[in-house]
Every structure is written in structure tokens, then in C-alpha cells.
Protein chains: 2
Amino acid sequence: MPTFEIFRTLPEQIAARLQQDILAGQLQPGDPLREVDLSERFGVSRGPVREAFRQLVQQGLLVLEPNKGVRVAPNPSDEMRPLVVQLRRTIEVFVLESIFDRITADDIAVWDEILDDIKSACESNDLNALTDHDLRFHQAIVKSHDDRDLFTLWQPIAMRMMMQYNRLDDLMESYREHKRILDAIRAGDQWAAIEALSTNIQ
Amino acid sequence: MPTFEIFRTLPEQIAARLQQDILAGQLQPGDPLREVDLSERFGVSRGPVREAFRQLVQQGLLVLEPNKGVRVAPNPSDEMRPLVVQLRRTIEVFVLESIFDRITADDIAVWDEILDDIKSACESNDLNALTDHDLRFHQAIVKSHDDRDLFTLWQPIAMRMMMQYNRLDDLMESYREHKRILDAIRAGDQWAAIEALSTNIQ
DNA sequence: GCGCTGTAGTTTGTCGACGAAATCTGGCGC
DNA sequence: GCGCCAGATTTCGTCGACAAACTACAGCGC
């Protein structure tokens, strides 16, 4: 029995941890992951680890070869990036369009907090933290849509982009982009919000 | 690509079977699925069934409530359909654009066979068979792209559409639409092929 | 030297069993 | 009759063990 508090299901916790490690580059594309290694590392049996693997496979972060285990997925090819960008834009713009007049002060408060985290990460030049908070920012927007199903549709697409998070030379630019989105939302300017969102996704 | 599906693993076979049952409407939205029932039905243990469940959850065909099991997912809301249509069009058009000048006679031969199946299903007014072959037709196109990852990205989106396959009054129209796509490809007319594909996806 | 083959060792795939959470059911108090 | 609580039952979550598939490598024949 693990000694730490359980917030979500065991497989979810494991998947979340591995996702961090992969997006942070501590696990490189091609690296093999063994079920026993991780089950020992997390102090659980192989079952939950296996389930976490399958989850991450569906999200595109791992690739599965039957009877051979999983490896960290290769980065998406350059050819595919425009497609993935277009798909992600389509979804997030759709969300913004369909909830824009229903956004509450609470929503904005949450997003503001994440924006602060983004700012901190940019200021301290911490790329890993920035990747994490950037993801959380967009996650929060997508999840604010009533239809929770939308999030499961968005996630694998967003993951493909997060795997190669090296678009900006100046990290601070990321903070400015997200601030522009949130400011536009706060001002009730839907066009500007969508414009800023589209600019941020590329 | 082989003309018939090759199933490597047990969970894959189970997932494929359940997918058929769901798309054919033999399992209705909201129906609960119990692990022991299916493990007995397929003569396997609960492990593989569990894994198949998780796979179908990620594809949007099932919904999972922790500690409560899985149910057949509700049909996508009408509000979401335009989004899903746009996403699926984006991907399939992308595939067609990026492989158009590399399509071989073998590719077309495979697609022709599936088109025949579609024709048969339309003629015998068999909606379930049509759903199945329609899915196979588009699967074959998407899978013909080098990047196998594209398929995993496409699948959950396509599934959302296949769950409500009731667009046409006259089934024969489906055959004509797919024939138009394939004829355009055969004639080397990229614009017409994309146009026909977009018409088919709605 | 080169390639094949068989064997040992590693890793995944599957299974049956146990414990935990949720649901159902019946009885009690009001 | 109605609502609530407790025990029984069902179902999921997790585990440890066994079986099957794959890998690596040494030995053999050519």
C-alpha cells in the first residue's frame, strides 16, 4: 500500500507523472519503459502501471509494440505539425465561441491564477514549468465547456504539440500571448480573444 | 494493407467486437457493461476485457465512472457535430493532399474491394454492414498515410460521427458518394477527390 | 569468418483471488 | 406509509503468480 495520499485513481496518478517526465524531456523519444521498473518505483503492482501505459499510448505519448512493451513516442514529424496546429485551433476556438457569453468571474479567476504561474515560469526561465502551466491554461479553457467529451477529443491533439515545445526563443513571449488572450476575454472582445488564441497556437 | 483485419492481441479483438455492437446499435447509449459478463462471454479473464474497455473509453464509445464501471457513451450533442465534421474533414483532406501523387494501383484495388462491399450493403439495405464498410473505407485511406500516428488521431474523431450514422434516407447515396471519391482519385483529379470527400463527410 | 540454431534469461500477456467501494435489500423507527 | 440505517450482495480495483513471446548469446556447421 502506497504511503502517499490518493487523489485520483492509481493509473491516473502514474500516467500524470509519466506525462510530466515525457514532456519535460526526462524521458526521451525511443526510451523503453518496463512495467516492473515503474511498478517498483511507484510501489504498486504491474496492473495500474499497465493501465497508465495504455492511457498514454492513446494520448500519443507512448507507442506500443505487442509483446515488446512501450517506448516514448517519437516527436511528430514536421509534415504533421500544420495539421495538428489546425486541429487544436479548431477545437479551442470552438470552445471560446460556444462559451464566450457564459464565462463567469470564477472562470477568469482560475485562469488568472494559472497566468500567474506562467509568468513565474517565464521569469525564472523554467521551460519545464512553463510547458506544464501552458498545458494547464488551455486545459482549463477546454474543460470549461459543458461537454466533458470535448476534453478527451482535445487531449491527444494537444499532446502532439506539447511534445515539441520549443517554438519561442524568448519565454516571456509566452506570458504575453496568454495575457493577451485573457485580457481580451475580460474585456468581452470575442474577436480579439480568438485572434490571440490562434496566435498562441502554432 | 491486408484486406481483412489482423488482430494481434486479445484486448484488440474484444474491443473490435464491442465497437461493432455499439455502432450497430445492439448496445444502446447508457447501457452498462460488466467485466465478468464479457469475460465469460469471450471465454477470457477480466484483464483483457478491462483493457478493451479502456481503449474504447479513449475512443469515446464508452464512458468510465471510477468504481462504477463503464457505460455506452451518449451520442454526441448536436452542438458538437459541426466541430467533429470539421475535424474529420481536416484530417482526411490532409491525408488525400499529402499522398495523392503517391497512390498506387494496389491502394486503389483495396479501396475498390471495400467499395464493392459498400455497394452490396446499400443494395441489401443493411445499415449495419454499411456503417462497418463505410468505416473501413475511410480507415483504409487514413492508414495509407506513412505516419501511422495519424490514424490514432483520426480514430476517436471518426468514432464520434459513426455513433450517429443516420444521415441518409437513401442508402444507395452512400455508395454513389464513395464511388465519386474513388473515381476522382483514379482519374488523378485531386480537386474533385477532395471535393467528393468533403461532401461525404457531414 | 558467417549464418543458423537452440537455449537461457528477460519482459509482456493472462489468469484467479482478495480487498474496497458502490448498490441493493430488508427491517426498524416514526 | 415514508425515510433512514445496516447488512448482504454485486462490481470494480489491485495484487502476485504462471504462461507465452521475445531477445541475447553461445555453440555448431559450413
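Order of the sequence lines fixes the chain letters, A, B, ..., with proteins taken first and strands second; residue numbering starts at 1 for each chain.
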[X] vs [N]: side-chain N/O to OP1/OP2 distance below 4.0 Å:
{"X": "A/Arg34", "N": "C/dT10", "result": "no"}
{"X": "B/Lys68", "N": "D/dC12", "result": "no"}
{"X": "A/Arg54", "N": "C/dG13", "result": "yes"}
{"X": "A/Arg46", "N": "D/dG16", "result": "no"}

Backbone of B/Gly30 reached by a side-chain donor or acceptor of B/Arg71 within 3.5 Å: yes

Main-chain N/O of A/Gly25 paired with A/Gln28 side-chain donor or acceptor, under 3.5 Å: yes

Sugar-phosphate, base or nothing in reach of A/Gly47, heavy atoms under 4.0 Å: nothing

Sugar-phosphate only, base, or nothing, as touched by A/Leu64 at under 4.0 Å among non-hydrogen atoms: nothing

To the nearest Å, give me how far apart [atom1] ([X]) and [atom2] ([N]) are.
{"X": "A/Leu10", "N": "C/dG19", "atom1": "CG", "atom2": "C1'", "answer": "14 Å"}
{"X": "A/Gln13", "N": "D/dG13", "atom1": "CD", "atom2": "P", "answer": "14 Å"}
{"X": "B/Glu12", "N": "C/dT14", "atom1": "CD", "atom2": "C1'", "answer": "16 Å"}
{"X": "A/Glu51", "N": "D/dT14", "atom1": "CD", "atom2": "P", "answer": "7 Å"}
{"X": "B/Asp37", "N": "D/dC12", "atom1": "CG", "atom2": "P", "answer": "8 Å"}
{"X": "B/Asn67", "N": "C/dG19", "atom1": "CG", "atom2": "P", "answer": "17 Å"}
{"X": "A/Glu35", "N": "D/dG16", "atom1": "CD", "atom2": "P", "answer": "15 Å"}
{"X": "A/Phe42", "N": "D/dC15", "atom1": "CZ", "atom2": "C1'", "answer": "17 Å"}

Heavy atoms of other groups near A/Asp78 CG, more than 12 under 6.0 Å: no

Pair B/Thr152-A/Arg160, side-chain donor/acceptor within less than 3.5 Å: yes

A/Thr104 and A/Asp107 side chains, donor-acceptor separation under 3.5 Å: yes

